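In what follows, every chain begins at residue 1, and chains take the letters A, B, ... in the order their sequences are listed. This is a predicted model, so every value here is computed, not measured.
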Amino acid sequence: MGGDQGERTAVLPLAELPALVAAEEGAAEEGAAERPRWVWDDTRAWYPALLRAGVRVERCVDLRLCHAILRNSTLTAGTALATAAPGPWDTALDLLEEPAAGHTAHTALFELDQPEPPALDDRRDSRSELFAQEAAVAASTDPRRLRLLLAAESAGALIGVELQHAGLPYSADRHDDLLTELLGPRPTFGRPPVLEELARDVRARLDSPDLNPDSPPDVLKALQRAGVMATSTRSWELRKLEHPVIEPLLRYKKLSRLLTANGWTWLDAWVHDGRFRPDYVPGGVVTGRWATRGGGALQLPRQVRGAVVADPGWKLVVADAAQLEPRVLTGLSGDQAMAAAGRGKDLYEGIVASGAVDERAHAKVAMLGAMYGATTGESGRLMPRLTRAFPRAIRLVEDAARAGERGEKVTSRLGRSSPLPGPAWDAAQSAASASDSTAADERRARSQARDWGRFTRNFVVQASAAEWALCWMAELRNRLTALAPGTALTESPHLVYFLHDEVIVHTPADRADEVAAAVHASAAQAGRLLFGAFPVEFPVTAAIVDSYGEAK
DNA sequence: CACGGGTGCGCG
DNA sequence: AAAGCGCGCACCCGTG
């Protein structure tokens with residue numbers, strides 16, 4: 001429970017924890033005590049049971065997530081925590097989890113690797129870890145930013161568990177209707193009727209009665225036999241070709257994708273009692289973005305978003321940050337010209353108005369190219385114009401790319417650093433600089449260096465954008481709690497979805513306007529937290545709707 | 001039969 | 001190699 005003076009120690013049965021947490025949080029609610037910040041090894045291990053017991057936690061330190069940040073950050077380089085040999089806090093979460101009952105193969109593997117796995121508590125000492133982390137932050141080159149990052153990351157961990165607990169309101173009936181409309185009735189086995197008919201059509205038009213349309217190699221061969229000069233079966237490539245089979249084949253691929261990714265099987269597995277409950281993994285991506293495990297929540301196709309429906313008497317507030325990454329780049333680089341281009345309007349229109357490019361689509365493709373490292377094509381051609389108009393912003397991503405090419409780390413706004421390239425990368429660079437290096441060695445080394453440079457170029461922007469989004473969401477969470485203090489999570493406005501630069505709040509209809517206001521205020525606050533007084537704006541849209549499909 | 005790489009496509 | 005970043009997931013198919 002933190003490094004407070006006047007320490008109290010209590011050992012209690014697990015079953016009594018919810019009551020203790022509730023008492024401490026409740027005391028803070030009534031102003032009788034300081035708000036606790038719960039310190040634990042892993043939010044995903046502790047918080048779900050508390051929520052099930054009806055207990056919410058306002059603040060925490062997720063030691064596992066914070067450790068990962070501090071271990072690798074350039075701001076804490078040289079601290080004891082960063083230089084220590086790898087320990088239990090560096091072990092992947094999966095290896096520490098209890099193997100699920102019945103998964104004997106997993107158990108066997110586990111025992112093979114670690115004959116006598118010690119108990120969790122022996123391996124991870126949360127007290128000493130907390131002190132080590134506090135020392136590392138205090139000794140860092142920017143404690144303020146790191147503290148903010150660790151707080152935001154930990155808030156994200158709480159939110160991830162709360163999102164799963166609440167679930168995204170989801171109408172299985174609407175989803176089923178959509179599937180039936182597009183694919184025909186659900187078959188007990190084999191392809192749905194519409195897909196079967198399309199498969200028949202494709203086979204006929206290619207004169208290949210045995211063709212398996214799900215096998216790209218088969219399809220490619222059949223296309224070539226029919227005289228279609230395709231080199232792959234990717235949709236974007238097929239679309240450019242002329243042949244009577246192309247249209248039904250594309251339709252087959254699109255519907256087949258819907259069936260396999262979000263068909264009835266997905267519905268059965270992931271939607272229960274009117275809620276879609278994916279497993280969010282905060283910090284699951286190197287850049288600090290979230291990942292999901294199962295359910296594919298971050299790839300929910302636009303096609304099915306109409307099935308996300310508010311409960312009767314409730315609304316969804318669907319909020320989206322406009323042009324988040326270029327705006328984050330603006331703040332990172334302190335580019336006044338780009339800040340002006342984004343002030344009070346669509347950033348891409350602002351770039352057009354600045355005279356740098358002719359039309360919005362060009363502004364967008366040029367900005368994406370700058371942040372992703374495009375060298376050829378339209379995007380590459382637009383780069384010089386962008387560089388002339390916004391030299392500071394472009395220099396920032398170019399510098400990040402050069403650092404990556406040299407094999408160095410780069411660091412986000414709040415202090416998350418990129419990983420170093422692996423041994424294969426080092427070996428390739430060494431081979432190229434050896435006295436007996438071949439032209440092929442040098443080509444390979446240069447190519448890999450550029451690849452890594454594109455990664456680090458994008459890392460600074462994507463990681464900082466992820467930090468903005470965390471701050472936005474954490475701030476919003478606090479404001480939502482304040483709208484209805486003391487109520488259970490799902491009885492008052494609460495977050496139900498997060499998608500990189502987008503959130504959805506489920507709210508009683510009569511609070512929707514307040515929620516929308518909170519969404520805007522939180523975005524402004526996130527901008528100040530990351531970039532202080534620098535005048536970069538972060539406009540967000542907040543649509544009050546009954547269904548996700550109505551937004552945008 | 002299990003696995004893992006490759007392919008393709010959904011999202012930002 | 002779509003034009004470049006970050007992902008997850010389902011499927012095919014060759015390999016052991």
Cationic N near anionic O, under 4.0 Å, A/E378 to A/R381: no
Distance check needed: B/dG12 P versus A/Q462 CD, whole Å only. 14 Å
ring-ring contact (aromatic ring centres under 6.0 Å, His included) partners for A/W290, two or more places apart: A/Y280, A/F498
Taking atom C1' in both B/dG4 and C/dG4, what distance in whole Å separates the two? 28 Å
In whole angstrom, what separates A/D218's CG from B/dT7's P? 15 Å
First and last nucleotide of DNA chain C, 5' to 3', lying under 4.0 Å from heavy atoms of chain A: C/dA2 to C/dC13
Please work out if A/G295 contacts a base, only the sugar-phosphate, or nothing of the nucleic acid, heavy-atom cut-off 4.0 Å. sugar-phosphate
Can you sort out which residues in residues 176-200 of chain A have a heavy atom within less than 4.0 Å of DNA chain C? Ascending by number, please. none
Among A/V245, A/L223, A/V228, A/V219, whose side chain to side chain contact (heavy atoms under 4.5 Å, CB included) with A/L238 holds? A/L223
So does A/E325 pair up with A/R289, basic N to acidic O under 4.0 Å? yes
Indicate yes or no: does A/R402 engage A/D399 in a salt bridge with an N to O separation below 4.0 Å. no
Let me have the donor-acceptor pairs involving side chains of residues 414-422 of chain A, under 3.5 Å, with sequence neighbours excluded, atom names and distances please.
from   : atom 1 : to     : atom 2 : distance (Å)
A/R416 : NH2    : A/E153 : OE1    : 2.8
A/S417 : OG     : A/T74  : N      : 2.8
A/S417 : OG     : A/T74  : OG1    : 3.4
A/S417 : OG     : A/T411 : OG1    : 2.7
A/S418 : OG     : A/V410 : N      : 3.0

Counting any heavy atom closer than 4.0 Å, what does A/V461 reach on the DNA or RNA strands: base, sugar-phosphate only, or nothing? nothing
Can you tabulate the close N/O pairs, meaning under 3.5 Å, that link protein atoms to atoms of nucleotides 8-11 of chain B?
from   : atom 1 : to     : atom 2 : distance (Å)
B/dG8  : OP1    : A/T233 : N      : 3.3
B/dG8  : OP1    : A/T233 : OG1    : 2.8
B/dG8  : OP2    : A/R234 : NE     : 3.3
B/dG8  : N2     : A/R257 : NH1    : 3.3
B/dC9  : OP1    : A/S235 : N      : 3.2
B/dC9  : OP1    : A/S235 : OG     : 2.5
B/dC9  : OP1    : A/K253 : NZ     : 3.4
B/dC9  : OP2    : A/S235 : N      : 3.3
B/dC9  : O2     : A/R257 : NH1    : 3.0
B/dC9  : O2     : A/R257 : NH2    : 3.4
B/dG10 : OP1    : A/K254 : NZ     : 3.2
B/dG10 : O4'    : A/R257 : NE     : 3.4
B/dG10 : O4'    : A/R257 : NH2    : 3.0
B/dC11 : OP1    : A/R302 : N      : 3.1
B/dC11 : O3'    : A/R305 : NH2    : 3.2

Which stems, defined as runs of 3 or more consecutive Watson-Crick or G-U wobble pairs with both pairing distances under 3.5 Å, involve DNA chain C? B:1-12 with C:5-16
Using the salt bridge (charged side-chain N to carboxylate O under 4.0 Å, His left out) criterion, which residues pair with A/D451? Sequence neighbours excluded. A/R454
Distance, P atom - from C/dA3 to B/dG5, rounded to whole angstrom: 28 Å
Which residues pass the ring-ring contact (aromatic ring centres under 6.0 Å, His included) test with A/H500, sequence neighbours left out? none
Restricting to salt bridge (charged side-chain N to carboxylate O under 4.0 Å, His left out), what partner residues turn up for A/R406, sequence neighbours left out? A/E408
Sorted by first residue and then second, give each side chain to side chain donor-acceptor pair (under 3.5 Å) pair with at least one member in residues 257-266 of chain A; sequence neighbours left out. A/D176-A/W264
Could you list the residues that satisfy side-chain hydrogen bond (donor to acceptor under 3.5 Å, both in side chains) with A/N458, not counting sequence neighbours? A/Q462
Is a salt bridge present between A/R305 and A/E550, judged by a nitrogen-to-oxygen distance below 4.0 Å? no
Tell me every residue that passes side-chain hydrogen bond (donor to acceptor under 3.5 Å, both in side chains) with A/E247, counting only those two or more places apart in sequence or in another chain. A/R251
